[in-house]
Each structure stands twice: as C-alpha cells, then as structure tokens.
Amino acid sequence: MLVIHAIDYRASKAGSFIASLYRLTSQLSQRGVQSLLVAPETSEEQPWAQAFAARGVEVVKTPSYAALSAIVTKRRPDIVHAHFSGYIVPATLASLATKTRVIWHVHSAMLSPRSPLRKANRALKYRILSRRANAILTVSERLQQELLSLGVPRSRLSVVDNAVDTNHFRLPTLDERQTARRFLGLENGRLALLFFGRDGHIKGADLFASALGQLPEGPAVICVASPREVVSMIAQHAKVISTGIVADPRPFYWAADALAMPSRHEGTPLTLLEARATGLPAIVSTIPAFEDVASKDEGVIVSDHLDPRAFARSLMEPLERRPISADARENISLDAWCQKVFAHYAMSPLGLSAIS
C-alpha cells in the first residue's frame with residue numbers, strides 16, 4: 001500500500017509541521033504502508049528533505065504543481081494527502097481516473113483573492129472540485145467555517161488540530177531557563193519578548209513596533225527568522241537579539257517572558273502551540289484563529305493589535321509561565337495527530353483500516 005504526501009512546503013527550517021510528517025511516515029512504515037513524499041523542486045536540498053530520504057522515505061521533487069498528476073497516474077497510490085494549497089487541484093484531478101483516495105489538508109487562513117480570475121478559480125475549487133475530495137481537514141474550527149462559507153460540503157470537513165513534539169517542547173527547569181537567558185545575554189529582571197517575523201506584514205511587525213514605542217522602558221526582543229527590515233523596525237524601540245533562521249527554537253521559548261503575536265492573519269500557528277507547550281504565555285492579536293485558542297487556554301491573552309497602547313498594556317502585564325492542561329497537551333501531541341489522520345485514512349475501501 002502506498003500513501004503520497006504532497007506538501008507545498010518551501011521553508012528551510014523543518015519545524016513542527018515536518019516533525020508531524022516524520023512521525024506519520026514512521027508510524028505508517030511500522031504498519032507496512034509505504035510513503036512517498038512529493039515537494040517543490042526548491043525543497044530538494046533542504047536538510048529536512050534529506051532527512052526523509054535517510055529515514056527510507058522516497059522524496060520526489062516537482063518543477064511544478066501539475067507534475068504531481070503524472071506521479072499519481074504512474075504510481076496509483078491508495079491515498080494522496082495534499083498539504084497546503086499548491087498540489088490540491090492536480091491531486092484531485094489525477095484521482096478522477098483512479099481509485100485513489102484524496103485528502104485535502106488546509107493549514108492557512110483563507111485570504112480574499114483580489115482579481116476576478118482568482119475569485120472564479122477559488123469558487124470552482126471549493127464549490128465543485130471539493131466534492132471529489134474524500135476528506136478535507138482543517139487546523140481549526142474557524143477555518144472549517146471559512147471553507148463552509150466557500151461552498152465546501154459539510155460532510156467532507158473535519159478538524160484536525162495541529163501538533164508539536166510535546167516531549168521536546170516542555171517546561172524548562174530553573175537552570176535551563178537561566179542558561180538560555182545567559183546565552184542570549186539577557187540581564188536578570190529585564191523583560192524579554194519573543195517575536196517570529198518571517199513575513200513582516202502578516203506577522204504585524206509594524207504593529208508590534210508601534211506598541212513597543214508605547215512602553216516606558218524598552219524590553220529585549222528576541223527576533224527569530226526575521227528579515228533585516230523587520231529587525232531594524234523593532235530595534236528603534238527595543239534591544240534586539242536577532243537569531244536568524246534556527247533549527248530549534250526551544251531555548252528562545254525558555255529564555256523569553258512572553259510570546260508577542262500581533263498577526264494580521266494566521267491559521268493555527270505552530271509557534272503558538274510550541275510556546276504554550278513550554279508554558280510561555282502569549283499576547284496575540286484579535287483575529288479568529290487566536291480567539292479560538294484563547295477561549296480554551298488562559299495562557300493566551302488576546303489584545304487589540306490595531307491599538308498600540310492597548311497591546312503595549314498587555315505586554316507590560318506580569319504573566320506567569322504556566323503549563324497547559326494534561327488533556328490539552330495530549331491533544332496537540334504528535335501521536336494524537338497521527339491517530340486523527342489515520343481515522344481518515346482508515347475510511348478507504350482498499351483495506352487501509354489495518355493501520356488504525
């Protein structure tokens with residue numbers, strides 16, 4: 001039996017999404033199911049792609065999304081699991097002539113297309129093509145509602161919460177926290193905020209800088225994977241520790257006092273789950289994805305990101321590092337995520353129920 005994992009993933013850092021796929025392909029292998037990873041050509045030399053190959057998972061690069069069609073036609077997999085957006089259409093069209101089961105996995109917030117052509121393509125994709133998908137998985141209830149509004153049949157939709165390695169992302173000991181702060185040169189008692197600014201506009205770097213400008217004393221800001229212009233913007237109001245792209249952000253969660261996420265758009269960001277798994281409190285924007293998480297987690301504080309004074313007040317409030325509940329921790333674990341995915345694989349009439 002064969003499962004194709006088609007991932008529109010171009011980041012150099014593996015992150016928790018790749019960790020989830022590592023666990024999934026490993027558990028499939030233990031059950032006698034072969035995995036084939038299809039990814040964009042630009043991902044070929046990334047360490048995470050090479051790590052899949054080292055684990056015995058065949059990796060195929062594609063020069064275009066459409067190239068997936070030929071792979072599906074030739075390999076005739078039992079399942080194509082398409083993550084993000086790029087491979088969804090070719091995976092679905094190619095499956096029309098086969099018995100391949102197609103699963104869409106939608107991770108990102110649905111932004112409104114600007115051109116009439118893109119709007120028409122979206123309508124065709126979600127109102128019509130989605131009816132050929134065997135299951136459409138979303139990372140949050142709110143994202144599921146967005147897809148319903150676009151015409152996706154409710155019968156196809158299921159929520160599968162994102163996951164992180166909860167053995168790795170855990171509360172630090174006092175010594176681990178102090179070591180992490182010393183490594184970054186953080187003085188005792190100085191407020192340290194953590195910010196991931198890969199896309200300055202989406203992550204609200206300008207909103208964050210405006211809020212920092214309202215603070216009586218500039219805190220230290222640990223900027224992870226942030227471009228130069230984002231770092232320069234924030235450096236006008238705070239001491240900046242710029243880490244660049246890192247393989248493992250855990251020491252920064254341990255060193256910080258709070259995670260700042262004044263994002264304009266998000267799905268359910270894995271950085272937020274990683275932070276909360278370490279007990280780090282988070283100050284987040286008033287967008288639906290965050291409000292859903294905050295309704296279930298006291299460690300996530302929603303604040304008006306469009307009001308610099310309001311967001312600054314939230315940043316100044318003393319916040320205690322507290323663990324998430326045992327149930328919440330289990331729900332976001334990699335093993336729980338795999339079991340939720342297997343539940344949809346198991347619906348195949350081709351005998352894949354053996355993996356559940």
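Residues: numbered from 1 along the sequence shown.
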A.B. asks: The test is ring-ring contact (aromatic ring centres under 6.0 Å, His included); show your working for W48 and Y9 and say whether it passes.
C.D. replies: CA-CA 11 Å; W48 57 261; Y9 190 79; 5.3 Å; yes

A.B. asks: Can you confirm whether L124 is buried at CG, in the sense that more than 12 heavy atoms of other residues, nucleotides or ligands lie under 6.0 Å from that atom?
C.D. replies: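 Enclosed: over 12 neighbouring heavy atoms sit under 6.0 Å from CG of L124.
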
A.B. asks: Determine, stepwise, if the pair R10 / D8 fulfils side chain to side chain contact (heavy atoms under 4.5 Å, CB included).
C.D. replies: CA-CA 7 Å; R10 302 168 187 270; D8 185 11; 3.5 Å; yes

A.B. asks: Looking at Y345, I'd like to know if the NZ or CZ of R101 sits under 6.0 Å from its six-membered ring centre while staying within 45 degrees of the ring's axis.
C.D. replies: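 Judged by the rule, R101 and Y345 form no cation-pi pair.
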
A.B. asks: Using every non-hydrogen atom in the two residues, find where N134 and T100 come nearest and quote the distance to one decimal.
C.D. replies: OD1-O, 4.3 Å

A.B. asks: Do S263 and E266 have side-chain atoms, one donor and one acceptor, less than 3.5 Å apart?
C.D. replies: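 S263 vs E266: donor-acceptor pair found between side chains.
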
A.B. asks: Do F84 and H107 have ring centres separated by under 6.0 Å?
C.D. replies: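 Judged by ring-centre distance (under 6.0 Å), F84 and H107 do meet the cut-off.
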
A.B. asks: Check this for me: E187, atom CD, are more than 12 non-hydrogen atoms of other residues, nucleotides or ligands nearer than 6.0 Å?
C.D. replies: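 It does: E187 CD has more than 12 such atoms within range.
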
A.B. asks: Would you check if the distance from the ring center of H81 to the ring center of H105 is below 6.0 Å?
C.D. replies: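 Ring-ring flag for H81/H105: true, centres closer than 6.0 Å.
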
A.B. asks: Tell me yes or no: between the side chains of Q178 and N188, is some donor less than 3.5 Å from an acceptor?
C.D. replies: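 Checked: Q178/N188 side chains show no N/O donor-acceptor pair below 3.5 Å.
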
A.B. asks: State whether a side-chain donor-acceptor pair under 3.5 Å links H5 with T25.
C.D. replies: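 On atom types as modelled, these side chains do not qualify, holding no pair under 3.5 Å.
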
A.B. asks: Calculate, to the nearest 0.5 Å, the distance between atoms CG and NZ belonging to D248 and K13 respectively.
C.D. replies: 8.5 Å

A.B. asks: Report the distance from atom SG of C338 to atom CG of L28, rounding to the nearest 0.5 Å.
C.D. replies: 7.5 Å

A.B. asks: Specify whether Y65 and Y87 have parallel, tilted or perpendicular ring planes, treating 30° as the upper limit for parallel and 60° as the lower limit for perpendicular.
C.D. replies: perpendicular

A.B. asks: Check this for me: does any side-chain nitrogen of one of R170 and D165 sit under 4.0 Å from a carboxylate oxygen of the other?
C.D. replies: no

A.B. asks: Does the pair R190/D257 count as a salt bridge with the N-to-O cut at 4.0 Å?
C.D. replies: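 Not counted as a salt bridge, because no side-chain N and carboxylate O are separated by less than 4.0 Å.
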
A.B. asks: Between D206 and R264, is there a side-chain N and carboxylate O pair less than 4.0 Å apart?
C.D. replies: yes

A.B. asks: Do T62 and E41 have a side chain donor and acceptor closer than 3.5 Å?
C.D. replies: no

A.B. asks: How many angstroms lie between atom OG of S35 and atom CE of M1, to the nearest 0.5 angstrom?
C.D. replies: 11.0 Å

A.B. asks: Please evaluate residues V3 and Q34 with respect to the criterion side chain to side chain contact (heavy atoms under 4.5 Å, CB included), reporting the C-alpha separation (whole Å), side-chain torsions for both, the decisive distance (0.1 Å), and the verdict.
C.D. replies: CA-CA 6 Å; V3 177; Q34 181 186 0; over 6 Å; no

A.B. asks: Kindly determine whether I71 and L36 satisfy side chain to side chain contact (heavy atoms under 4.5 Å, CB included), including the steps that lead there.
C.D. replies: CA-CA 10 Å; I71 297 171; L36 169 66; 4.0 Å; yes

A.B. asks: Output yes when D175 and R177 qualify as a salt bridge under the 4.0 Å nitrogen-oxygen rule, no when they do not.
C.D. replies: no

A.B. asks: Counting distance only, does the side-chain N/O of R154 pair as donor-acceptor with the main-chain N or O of L148 below 3.5 Å?
C.D. replies: no

A.B. asks: Less than 4.5 Å apart, side chain to side chain, heavy atoms only: is that true for F252 and F195?
C.D. replies: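 Not in contact.
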
A.B. asks: Taking it one step at a time, do K125 and T92 satisfy side chain to side chain contact (heavy atoms under 4.5 Å, CB included)?
C.D. replies: CA-CA 10 Å; K125 177 178 177 179; T92 307; over 6 Å; no

A.B. asks: Out of curiosity, R181 CZ to I222 CD1, how far, rounded to the nearest 0.5 Å?
C.D. replies: 7.5 Å

A.B. asks: Could you check whether atom CZ of R132 has more than 12 heavy atoms from other residues, nucleotides or ligands sitting under 6.0 Å from it?
C.D. replies: yes

A.B. asks: Can you see whether W254 engages T179 through a side-chain donor-acceptor pair at a distance of less than 3.5 angstrom?
C.D. replies: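 There is no such pair between these side chains.
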
A.B. asks: Give a yes or no on whether E229 atom CD has more than 12 heavy-atom contacts from other residues, nucleotides or ligands under 6.0 Å away.
C.D. replies: yes

